[in-house]
2 protein chains.
Amino acid sequence: MFVIHQIPMLYTYDYPHPAVTVDCVIFGVDQPTVLQVLLIQRKIPPFAGAWALPGGFVGLDESLDEAARRELAEETGLKDVFLEQLYTFGTVDRDPRERVITVAYYALVNLTEHPVQADTDASDAGWFPLDRLPPLAFDHGLILERAIARLKGKIRYEPIGFELLPRRFTLTELQKLYETILGQPLDKRNFRKKILAMGLLRSLEIFRTGVANRAARLYEFDLEAYQRLKQDGFSFEL
Amino acid sequence: MFVIHQIPMLYTYDYPHPAVTVDCVIFGVDQPTVLQVLLIQRKIPPFAGAWALPGGFVGLDESLDEAARRELAEETGLKDVFLEQLYTFGTVDRDPRERVITVAYYALVNLTEHPVQADTDASDAGWFPLDRLPPLAFDHGLILERAIARLKGKIRYEPIGFELLPRRFTLTELQKLYETILGQPLDKRNFRKKILAMGLLRSLEIFRTGVANRAARLYEFDLEAYQRLKQDGFSFEL
DNA sequence: TCAAAAGTGTTGACGGTACACCCATGT
DNA sequence: ACATGGGTGTACCGTCAACACTTTTGA
């Protein structure tokens, strides 16, 4: 049985109409700093039981960005996060059912301030560290790979790493984050010098106490300062 | 009248199906170095008479990349060029007829070796310098802006500028190209030092003669050398 | 011989990297 | 007192930017 959905009144053109979905690669970190991705377990075929990126079909009355934000909220409860278009995947046989074109987005989330609800549709959701991934449905492994590459590239010259941390963080936490994403150790003194010299961090008179060592000073990312500097052709580097 | 086109047999899902197109931003240069874009004049509404990016609908049996290459060949005769996905545009009212999602690509072309045929469909095509653009149909102005930004960014850290030049070129031609794309003058001695030090250029024993000044040495881009270096974690810079 | 572009080196400033020790805190 | 992570400065080196004159060629 064919169901024709929402054909607009003006539609008089003999053009193909594929299905279009948005999928979201959602990165988060927890302590100790491990990069993780949010996956959802499929309940229905194809790939029933396999894990997949959260996502869904794009409505005719919503933009791609809106669709991505809606799906994100519906399936994980996340709102107001850093979200950016990644790439559009459109090979012919991505989905065994019919031709599906997928616009992939990626999002950065800090787990402490945006707790992720297991999704509303009663399918399982879970965080997976990048080195312990289950087999993924469709070509989602490919999408994830591309998202990781983008994250690694972008984090060097745009201050997006802060999205993954709680609003207040220590310099060591920030450094650990960079080390996990870039996959290489960084020199502590050089890292601090560089990041502080940029003038993007507000240093607070608050310290992380209750640990079995010297209390660490907390910092906040100073968005206004960043926007001011960016206008004068300032470039964030490493 | 509704025309339902190529509904696949497996199609039993009640999901919206927008139209999907690919559009191509094709950059070229001519002498003296001016960056130009290829545009096509529309014959039919909407936006009849206005200029637009070449492009067209994506078939259900071809990938997005294939569709972009096909449209490029059909409308301009160009083949085997540097082509890369740019961004996907999906706001709701981009096209007054119906919901259309457009996957934009950009291409770099050297005019001397790939002469562009006025397209086959008997509509006019033409090159426009970036500072003398006609009003563009749909949101093609937006797409073009994004393509320019991408080109400016990418040319600094990937050796794609060579795609715009003939196979053999002088260092001054290369420098002029970078100056136009980046929109700033570069120091001649520093530019030569840097670009030659990378070891990506094969220096030839051929000279550009017949000009009213000293003959300039010609160079070729050495693709093999680049691929070798890239594997060892080499990074092209400016 | 003139005009027009090709070609070529040096220096100083700056930023990046390498590197080791003392301090504060809780157990 | 000890274990754990917090916090700090310097010296060397390489890279980038600034800068001007001589050479070749055709008109």
Side-chain angles (χ1 to χ4, degrees), chain A residues 29-34 155-157 165-166 168-180 182-220 229 232-238, chain B residues 31-34 155-157 165-166 168-180 182-220 229 232-238:
Chain A
V29 288
D30 65 354
Q31 313 296 357
T33 319
V34 192
I155 204 172
R156 301 199 79 103
Y157 59 92
L165 293 175
R168 296 170 169 179
F169 49 85
T170 69
L171 290 183
T172 302
E173 287 164 357
L174 185 61
Q175 182 179 345
K176 285 261 172 58
L177 174 67
Y178 272 82
E179 286 176 336
T180 27
L182 297 176
Q184 57 176 316
L186 300 172
D187 181 83
K188 183 164 57 157
R189 281 168 293 188
N190 293 337
F191 180 81
R192 283 162 184 249
K193 243 182 303 173
K194 205 163 178 179
I195 204 88
L196 288 176
M198 292 183 191
L200 297 178
L201 298 187
R202 248 195 306 273
S203 117
L204 304 175
E205 292 307 319
I206 311 174
F207 297 82
R208 169 136 323 147
T209 56
V211 285
N213 52 41
R214 179 167 171 180
R217 181 183 290 272
L218 293 175
Y219 292 82
E220 283 180 350
L229 287 168
D232 311 349
F234 159 86
S235 93
F236 183 87
E237 282 285 324
L238 220 179
Chain B
Q31 313 296 357
T33 319
V34 192
I155 204 172
R156 300 198 81 104
Y157 60 91
L165 292 176
R168 296 169 168 180
F169 49 85
T170 69
L171 290 183
T172 303
E173 286 164 358
L174 185 61
Q175 181 179 346
K176 286 260 170 60
L177 173 67
Y178 272 82
E179 286 176 336
T180 27
L182 297 176
Q184 56 176 318
L186 300 172
D187 181 84
K188 183 164 56 156
R189 282 168 291 188
N190 292 337
F191 180 81
R192 284 165 184 248
K193 242 182 304 173
K194 206 163 179 179
I195 204 92
L196 289 176
M198 291 183 191
L200 297 178
L201 297 187
R202 249 195 304 274
S203 117
L204 305 175
E205 292 307 318
I206 310 174
F207 296 81
R208 169 134 324 146
T209 57
V211 286
N213 51 41
R214 179 167 173 179
R217 180 184 291 272
L218 293 175
Y219 291 82
E220 284 180 350
L229 287 168
D232 311 349
F234 159 85
S235 95
F236 184 88
E237 281 285 323
L238 219 176

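In what follows, every chain begins at residue 1, and chains take the letters A, B, ... in the order their sequences are listed.
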>> Looking at B:Q175 and B:L186, would you say the former's side chain and the latter's main chain have a donor-acceptor pair under 3.5 Å?
In response: yes
> So which one's nearest nucleotide on DNA chain C is more toward 5', A:R214 or A:K194?
Replying inline: A:K194
> What's the closest nucleotide to the B:R189 side chain, out of C:dT8, D:dA18, D:dG9?
Replying inline: C:dT8
>> So, taking the atom named CZ in A:R192 and the one named CG in A:L171, what distance separates them when rounded to the nearest 0.5 Å?
In response: 5.0 Å
> Of B:L238 and B:T209, whose nearest nucleotide on DNA chain D comes first from the 5' end?
Replying inline: B:L238
> In whole angstroms, how far is the P atom of C:dA4 from the NZ atom of B:K176?
Replying inline: 13 Å
> With a non-hydrogen cut-off below 4.0 angstrom, is B:T172 in contact with a base, only sugar-phosphate, or nothing?
Replying inline: sugar-phosphate
> Which nucleotide in the set C:dT25, D:dG26, D:dC19 lies at the smallest distance from any side-chain heavy atom of A:A215?
Replying inline: C:dT25
> Just how far is it from atom CG of B:L182 to atom CZ of B:R156, taken to the nearest 0.5 Å?
Replying inline: 5.0 Å
>> Working to the nearest 0.5 angstrom, can you tell me the gap between A:L165 CG and A:T33 OG1?
In response: 8.0 Å
> Once you round it to whole Å, what is the distance between C1' of D:dT15 and CE of B:M198?
Replying inline: 12 Å
>> Rounded to whole Å, how long is the line connecting atom CZ of B:R208 with atom C1' of C:dA4?
In response: 16 Å
> Between D:dT8 atom P and A:R217 atom CZ, what is the distance in whole Å?
Replying inline: 8 Å
>> Can you give me the closest heavy-atom contact between B:F236 and B:I155, atom names plus distance?
In response: CE2-O, 3.8 Å
> More 5' along DNA chain C: A:A212 or A:D187, using each one's nearest nucleotide?
Replying inline: A:D187
> Where the side chain of B:K188 is concerned, which of C:dT8, C:dA20, D:dA18 is the nearest nucleotide?
Replying inline: C:dT8
>> In this structure, how many angstroms lie between the C1' atom of D:dA18 and the CG atom of B:L186, rounded?
In response: 14 Å
>> Can you identify which nucleotide, out of C:dG7, C:dA18, D:dA17, has its nearest atom closest to the B:N190 side chain?
In response: D:dA17
> Across the strands shown, which category fits B:K193 at heavy-atom distances under 4.0 angstrom: base, sugar-phosphate, nothing?
Replying inline: base
>> Rounded to whole Å, please give me the gap between CD1 in B:I195 and P in C:dA6.
In response: 16 Å
> For the pair made of CG in A:L174 and P in D:dG5, what is the distance, rounded to whole Å?
Replying inline: 18 Å
> Starting at CZ of A:R192 and ending at C1' of D:dT8, how long is that distance when rounded to a whole Å?
Replying inline: 9 Å
